[in-house]
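Right, one structure below, let's go through it.
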Amino acid sequence: PPHHQPPLLIVDLAAAVDGGESNYEDMEELTKRAADMNPQTLFRIKEEWVAKQLQHREAEFTDYRPLRVFIGTWNVNGKFPRESMKPWLEDGGQSDIYAIGFQELDLSAEAFVFNDSNREDEWARYVEEVLDTTAYRKLRSKQLV
């Protein structure tokens, strides 16, 4: 039978087993040596191989472009939405991502004890009214207290 090139992962594994030399003709010997290796070492070898492959093929799945991010916090002092946020949030549609933090959203004892408040929903709706919801959507929310 014709001599076949072993898969890249096996070649890299052979190099790792022998400290950089990949000269195995006998795949059974390589498999036996790999089976005797520490599982963490094999995991590291696999992760390094995946990282190398991703880096090598990066152009196939990566698209670089400028990105404008609006990051801001608003101290609501436990109040309901009344004051207009429009001047603060509107930037002529130039931001690709908005990361908005609310401070002191709900100062009630229940909010601290149960870690739950409906004020987050009210403020999120308020932000959605200001921003174009066809272009933006809420991805995640996290209450820190």
Interatomic distance, [X] atom [atom1] to [Y] atom [atom2] [nearest 0.5 angstrom]:
X	Y	atom1	atom2	value
E120	R125	CD	CZ	10.5 Å
L105	N77	CG	CG	11.0 Å
M85	W123	CE	CH2	6.0 Å

(request) Just jot down the salt bridge (Lys or Arg N to Asp or Glu O under 4.0 Å) partners of E122, sequence neighbours excluded, or say none. (result) none
(request) Scan W88, Y98, F102 and name whichever one has a ring pair (Phe, Tyr, Trp, His ring centres under 6.0 Å) with W74. (result) W88
Please report the closest heavy-atom contact between [X] and [Y], naming both atoms and the distance.
X	Y	result
D96	P66	OD2-O, 4.1 Å
L131	Y136	CB-CD1, 4.2 Å
E104	V76	O-CG2, 3.3 Å

(message) Around atom CD of Q55, are there more than 12 heavy atoms from other residues, nucleotides or ligands closer than 6.0 Å?
(response) no
(request) Return each pair, listed once, that meets salt bridge (Lys or Arg N to Asp or Glu O under 4.0 Å) where at least one residue sits in residues 59-82; pairs must be two or more places apart or across chains. (result) R57-E60
(message) Assess whether a salt bridge exists between R44 and E48, defined as any Lys/Arg side-chain N lying under 4.0 Å from an Asp/Glu carboxylate O.
(response) yes
(request) Determine, step by step, whether I97 and L139 satisfy the side chain to side chain contact (heavy atoms under 4.5 Å, CB included) criterion, reporting the C-alpha distance in whole Å, the side-chain angles of both residues, the deciding distance to 0.1 Å, and the verdict. (result) CA-CA 10 Å; I97 297 174; L139 296 179; over 6 Å; no
